[in-house]
Trainee: 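One structure coming up, written as structure tokens, with questions to follow.
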Amino acid sequence: MTGLIAFREIVLKVHSRCDLACDHCYVYEHADQSWRARPKVISEEVISRTAARLAEHARDHALPSVTVILHGGEPLLAGPARLRTACEEFGRALDGIAELDLRIHTNGLQLSPRYLDLFAEYDVKVGVSLDGDRAANDRHRRFADGRTSHPLVLKALDLLRSAPYRHLYQGLLCTVDIENDPVAVLDALTALEPPRIDFLLPHATWETPPPRPDGAPDAYARWLLRVFDHWDAAGRPVPVRLFSSLLSTLRGGPSLTESLGLAPTDLVVVETDGTLEQVDSLKSAYEGAAATGFDVFAHSLDEVAAHPGVRARQLGLAGVSGECRACPVVRSCGGGLYTHRYRPGTGFDNPSVYCADLRELVEGVEGRTAATSTAPALRDPAELDTAQQDLTRVLLARLHRDLAGAGGADWDRSWELLGAVEEAGDALQPVLDHPYTRTWLLGALDAVRQGRPDGAEAARRLAALAAAAVLRGGLPLPAPVPYRDGEVYLPTLGLLRIGAPGTRGRAVLRTDGRGHLVRDGRREHRFGPGTSDARWHPVRVWEDTALDDLDPYRNCFPRPPRIRLGAAEAAEWGRRLSAAWALLHRTVPALARQARAGLTTLTPLAGGPRSGRGEAGRHGPGALGVPHTGGVRETALALLTGRRRARLRALTEVADLYALDGEWLHPSPWREQPVPVSRLLADVYEGVAVEAYRRAEGPLPPGYGVPGDRVEQALDRLAAAAELTSTGKALAAELHGELKGAGA
């Protein structure tokens, strides 16, 4: 089955005629008239063969669920007996293979208790077509003699909404007509309390374009945006799938409708004679556009999935026209519905006939919702900190679950101690916030996923975390810690030598509440910074930042960390750091404040400076690795660039800045080859800061940065990237502001 789409949805045409004469119907009024040669009612044999084919397909592809939509024409004309046969056959065929989701889409005219009782028996969800109030509905949805259908549909909906059947009510489908009042249409639909509303653009192609009474290329967008504004102002009382899909893709999520987005289609149509076809809206394009040449008697669904027409709608970005691939809204609009792209001579390799409407609709919804859809973590450092704290706790809970007892009694004791510390106050949070706690968690989770969990090592680190929290909080709790090689590192505090090198064991640590560490009932010494002896090596502190050259998990940078600095080395490094920060605050004060915010831990790295970059390794956002040697300017650049990397990584961990990373490749002035948007964003995010520093401080040493005009070009390219979400675009706007401010 490799490479083939799995069909998760079948549209089963149970009746090929209709009791209405809607003049916008794609089945009867458009190019393909194949309905005329098909049986009016589906046979029991076609139902049975279709059910068997779907069961076979679901089994072969291990599908957890499948959807069958009873459709037409008007499906209720098939009668209760034939509909019961369909429900029974599909239920029997799929029993034990996949969950069955049965639905029916109807104009509602025939809906009565005899149908709804049947649907309640088989849990068939009911969707109804209605174009709005009476004036709107009567524009197209009339009987052949011109009579209105509106009162009968409302009567059917009253029945569907009544207590015995309300749970079957799936929603309303409304075909857009721009001559209708959009506000009146929405009000009429929402008054019927549907679980969902679907707005459908009338099927059209470049050969038979949609009506535009005023000739405006964006008339449908303006109509839908008026609906959106009214819907939004009313508090979004009913889900509207078109809008939900746009809001999802703008945030980086999936499309929720076939009409928009780049998700592959997973639907196949079965006509009343058993013919297998592509999505039936293709009947609007030309005679035979939906045909595959297959039927349920002689062909499997996998054969349909391999059909070139079906495959063309599985290609995502590669399946849209070149013009669409270069459009910044393509990830949301997806080139529009496949049918709407058709033009004689070029087939479906075109933008949608609604192209201008779709772009204005996407940009209109984006502009209206940008303030609320942008992740708070981008604007508010406190929100970013909170999101990162939540992430660490989630990772810790996941490790506890995934170890499944592999940590042994030491892990269990420490886990209980963490709970006691949490109840006693806030001493646990600074230890969880320690950046190398994240390093440990990620490594331990990797080991579990790879089937090689090191329970003993995980238990040692958790015990050290718990002990550090006890000591920091001055809590009267015993903290047992396993040690090896005669020592234990207490995160954020320091390294305690308990025994001779090479020895292993367990010690119980506690505090006397006055800053003294007590081991095995005997007071040892003060454990705070500034106190040191042969057995206690505290983490040094420069200003309010830890200079951590002790944590065993600090080895998470692209280059190795330095071993423990001597006192003189640490003092000299601190003086150089102070001078570097002073330089940044003088030249790029806003960027300096941003870089300093949230920095808790600096780790010295071995070797000299490399291209002026600090290193953002696999750790929490508060850490930075900085070359130990180098001048003040080089150190300043290392601090600036490293913190930029760390902030961007922190943002990407808790907010969606882009989607479909790698689908497009973009030129980057920092790279020889085009790069995905994630790499371009990282390059630009760092490059803007370096360019701002250059404009304020003067020429950079060789190998630092790129010419300023190329930074601006790259930023413009990034801002237009289709992959960016609303939050990603807000970040690009922030970068524009930083660069503009640097040039002022």
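The structure displayed is predicted, hence computed values, not measured ones.
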Trainee: Is there a donor-acceptor pair closer than 3.5 Å between any side-chain N or O of Arg331 and the backbone N or O of Leu724?
Mentor: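 A pair under 3.5 Å: yes.
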Trainee: Report yes if some heavy atom in the side chain of Arg236 is under 4.5 Å from a heavy atom in the side chain of Val238; otherwise report no.
Mentor: no
Trainee: Before giving the answer on salt bridge (charged side-chain N to carboxylate O under 4.0 Å, His left out), spell out for Asp158 and Lys155 the whole-Å C-alpha distance, their side-chain angles and the decisive distance to 0.1 Å.
Mentor: CA-CA 5 Å; Asp158 285 342; Lys155 182 180 178 181; over 6 Å; no
Trainee: What I want to check is whether the side chains of His140 and Asp23 have a donor and an acceptor closer together than 3.5 Å.
Mentor: yes
Trainee: Closest heavy-atom contact between Ser129 and Val153?
Mentor: O-CG1, 4.3 Å
Trainee: Report yes or no: do Thr275 and Asp273 form a side-chain donor-acceptor pair below 3.5 Å?
Mentor: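 Yes - a donor-acceptor pair under 3.5 Å links their side chains.
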Trainee: Check whether more than 12 heavy atoms from other residues, nucleotides or ligands sit under 6.0 Å from atom CD of Glu121, and answer yes or no.
Mentor: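 Counting neighbours around CD of Glu121, more than 12 heavy atoms of other residues, nucleotides or ligands fall under 6.0 Å, so yes.
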Trainee: Are any of the side-chain heavy atoms of Thr369 and Phe228 separated by less than 4.5 Å?
Mentor: yes
Trainee: On a heavy-atom basis, which atom in Asp131 and which in Ala136 lie closest, and how many Å separate them?
Mentor: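 It is O-CB, 3.4 Å.
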Trainee: Yes or no on side chain to side chain contact (heavy atoms under 4.5 Å, CB included) for Gln278 and Arg313, after CA distance, side-chain angles and deciding distance?
Mentor: CA-CA 10 Å; Gln278 303 174 63; Arg313 295 179 5 258; 3.2 Å; yes
Trainee: Do the side chains of Val176 and Pro202 get nearer than 4.5 Å, heavy atoms only?
Mentor: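 SC-SC contact between Pro202 and Val176 confirmed.
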Trainee: Can you measure from CG (Leu250) to OG1 (Thr725) and round to the nearest 0.5 angstrom?
Mentor: 8.5 Å
Trainee: Does any N or O in the side chain of Thr249 come within less than 3.5 Å of the main-chain N or O of Ser245, such that one atom is a donor and the other an acceptor?
Mentor: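 Yes, Thr249 side chain to Ser245 backbone: donor-acceptor pair under 3.5 Å.
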Trainee: Is the backbone N or O of Val66 less than 3.5 Å from a side-chain atom of Asp101, with the two atoms forming a donor-acceptor pair by type?
Mentor: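 No; zero donor-acceptor contacts below 3.5 Å.
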Trainee: Relative to each other, are the rings of Tyr338 and Phe348 parallel, tilted or perpendicular (30° and 60° limits)?
Mentor: parallel
Trainee: Might you work through the side chain to side chain contact (heavy atoms under 4.5 Å, CB included) test for Glu74 and His15, ending with a clear yes or no?
Mentor: CA-CA 6 Å; Glu74 169 48 50; His15 201 281; 5.9 Å; no
Trainee: Would one find more than 12 heavy atoms of other residues, nucleotides or ligands at under 6.0 Å from atom CZ of Arg398?
Mentor: no
Trainee: Salt bridge between Lys283 and Asp280, side-chain N to carboxylate O under 4.0 Å?
Mentor: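 Answer for the salt bridge query: no.
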Trainee: Would you tell me whether Ser284 and Ser281 have side-chain atoms, one donor and one acceptor, within less than 3.5 Å of each other?
Mentor: no
Trainee: Cation-pi check, Arg166 to Tyr169: give yes when NZ or CZ is under 6.0 Å from the six-membered ring centre and within 45° of the ring axis, no otherwise.
Mentor: no
Trainee: With rounding to the nearest 0.5 angstrom, report the OG1 to CG distance, Thr727 to Leu657.
Mentor: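 Here the interatomic distance stands at 6.5 Å.
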Trainee: Indicate the atoms forming the closest heavy-atom contact of Asp266 with Ala6, along with that distance.
Mentor: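 Asp266 and Ala6 have their closest heavy atoms at CB-O, 3.6 Å.
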Trainee: Report the C-alpha distance between Val126 and Phe119 in whole Å, list the side-chain angles of each, state the deciding distance to 0.1 Å, and finish with yes or no for side chain to side chain contact (heavy atoms under 4.5 Å, CB included).
Mentor: CA-CA 8 Å; Val126 182; Phe119 299 156; 3.8 Å; yes
Trainee: Can you tell me if Ser248 uses its side chain to pair, donor with acceptor, with the backbone of Ser255 under 3.5 Å?
Mentor: no
Trainee: Which of these passes side-chain contact (heavy atoms from CB on, under 4.5 Å) with Arg341: Val320, Val353, Asp349?
Mentor: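 That would be Val320.
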Trainee: For the residue pair Thr272 and Val14, establish whether any side-chain heavy-atom pair is separated by less than 4.5 Å.
Mentor: no
Trainee: If we ignore angles and hydrogens, is there a donor and acceptor under 3.5 Å between the side chains of Asp302 and His61?
Mentor: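 On atom types as modelled, these side chains qualify, holding a pair under 3.5 Å.
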Trainee: Students often mix this up, so state it plainly: with edges at 30° and 60°, are the rings of Phe199 and Phe243 parallel, tilted or perpendicular?
Mentor: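 Aromatic pair Phe199/Phe243 classed tilted.
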Trainee: Please answer whether the main-chain N or O of Ala326 pairs with a side-chain N or O of Trp664 as donor and acceptor at a distance below 3.5 Å.
Mentor: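 Not a single qualifying donor-acceptor pair exists.
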Trainee: Less than 4.5 Å apart, side chain to side chain, heavy atoms only: is that true for Glu258 and Val279?
Mentor: yes
Trainee: Determine, step by step, whether Asn107 and Asp19 satisfy the side-chain hydrogen bond (donor to acceptor under 3.5 Å, both in side chains) criterion, reporting the C-alpha distance in whole Å, the side-chain angles of both residues, the deciding distance to 0.1 Å, and the verdict.
Mentor: CA-CA 9 Å; Asn107 60 30; Asp19 45 3; 2.8 Å; yes
Trainee: Do Gln673 and Arg671 have side-chain atoms, one donor and one acceptor, less than 3.5 Å apart?
Mentor: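 The answer is no; no qualifying pair exists.
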Trainee: Measure the acute angle between the ring planes of Tyr220 and Tyr354, then classify it against the limits of 30° and 60° as parallel, tilted or perpendicular.
Mentor: perpendicular
Trainee: Any sub-3.5 Å donor-acceptor pair from Asp218's side-chain atoms to Ala221's backbone N or O?
Mentor: no
Trainee: Is the closest basic N to carboxylate O distance between Arg161 and Glu193 below 4.0 Å?
Mentor: yes
Trainee: I'd like to check Leu660 versus Val677 (side-chain heavy atoms, cut-off strictly below 4.5 Å). Are they in contact?
Mentor: no
Trainee: Could you walk me through whether Asp123 and Leu168 pass side chain to side chain contact (heavy atoms under 4.5 Å, CB included), step by step?
Mentor: CA-CA 7 Å; Asp123 195 28; Leu168 302 175; 4.0 Å; yes
Trainee: Tell me if a side-chain donor or acceptor on Trp206 pairs with a main-chain N or O of Pro351 at a distance below 3.5 Å.
Mentor: yes
Trainee: What's the separation between atom CZ in Arg59 and atom CG in Leu54, rounded to the nearest 0.5 Å?
Mentor: 11.0 Å
Trainee: Find the distance between CG (Leu224) and CG (Leu201) and round it off to the nearest 0.5 Å.
Mentor: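 Spacing of CG (Leu224) from CG (Leu201) equals 6.0 Å.
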Trainee: May I ask you to check whether Asp138 and Thr148 show a side-chain donor-acceptor distance below 3.5 Å?
Mentor: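 Per modelled atom types, Asp138 and Thr148 side chains form a pair under 3.5 Å.
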Trainee: For residues Arg359 and Pro328, determine if any side-chain heavy atom of one lies less than 4.5 Å from a side-chain heavy atom of the other.
Mentor: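 Yes; the side chains approach each other to less than 4.5 Å.
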Trainee: Go through the steps for Glu277 and Arg38 under the test salt bridge (charged side-chain N to carboxylate O under 4.0 Å, His left out), then give the verdict.
Mentor: CA-CA 13 Å; Glu277 292 197 336; Arg38 293 205 165 100; 3.0 Å; yes
Trainee: Please check: side-chain N/O of Arg82 versus main-chain N/O of Ile42, any donor-acceptor pairing under 3.5 Å?
Mentor: yes
Trainee: Got a donor-acceptor contact below 3.5 angstrom from the Ser48 side chain to the Glu45 backbone?
Mentor: no
Trainee: Evaluate Ser300 against His57 for side-chain hydrogen bond (donor to acceptor under 3.5 Å, both in side chains), listing each step before the verdict.
Mentor: CA-CA 8 Å; Ser300 70; His57 191 70; over 6 Å; no
Trainee: Measure from the side-chain N and O atoms of Ser65 to the backbone N and O of Leu100, and report whether any donor-acceptor pair falls under 3.5 Å.
Mentor: no
Trainee: Using side-chain heavy atoms (C-beta onward) and a distance below 4.5 Å, is Ser259 in contact with Leu242?
Mentor: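 No, every pair of side-chain atoms sits at 4.5 Å or beyond.
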Trainee: Could you give me the CA-CA distance, side-chain angles and deciding distance for Arg212 and Asp357, then say whether salt bridge (charged side-chain N to carboxylate O under 4.0 Å, His left out) is met?
Mentor: CA-CA 11 Å; Arg212 297 183 183 275; Asp357 292 293; 2.6 Å; yes
Trainee: I need the minimum non-hydrogen distance between Leu262 and Gly334, along with the two atoms involved.
Mentor: CD2-CA, 3.7 Å
Trainee: To check you understand the geometry: which heavy-atom pair defines the closest contact between Leu94 and Ala55, and what is its length?
Mentor: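 Nearest pair, atom of Leu94 first, then Ala55: CD2-CA, 3.8 Å.
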Trainee: At what distance, to the nearest 0.5 angstrom, does CG of Leu246 lie from CD of Glu363?
Mentor: 11.5 Å
Trainee: Output the distance between atom CG (Leu276) and atom CZ (Phe294), rounded to the nearest 0.5 Å.
Mentor: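 Answer rounded to 0.5 Å: 8.5 Å.
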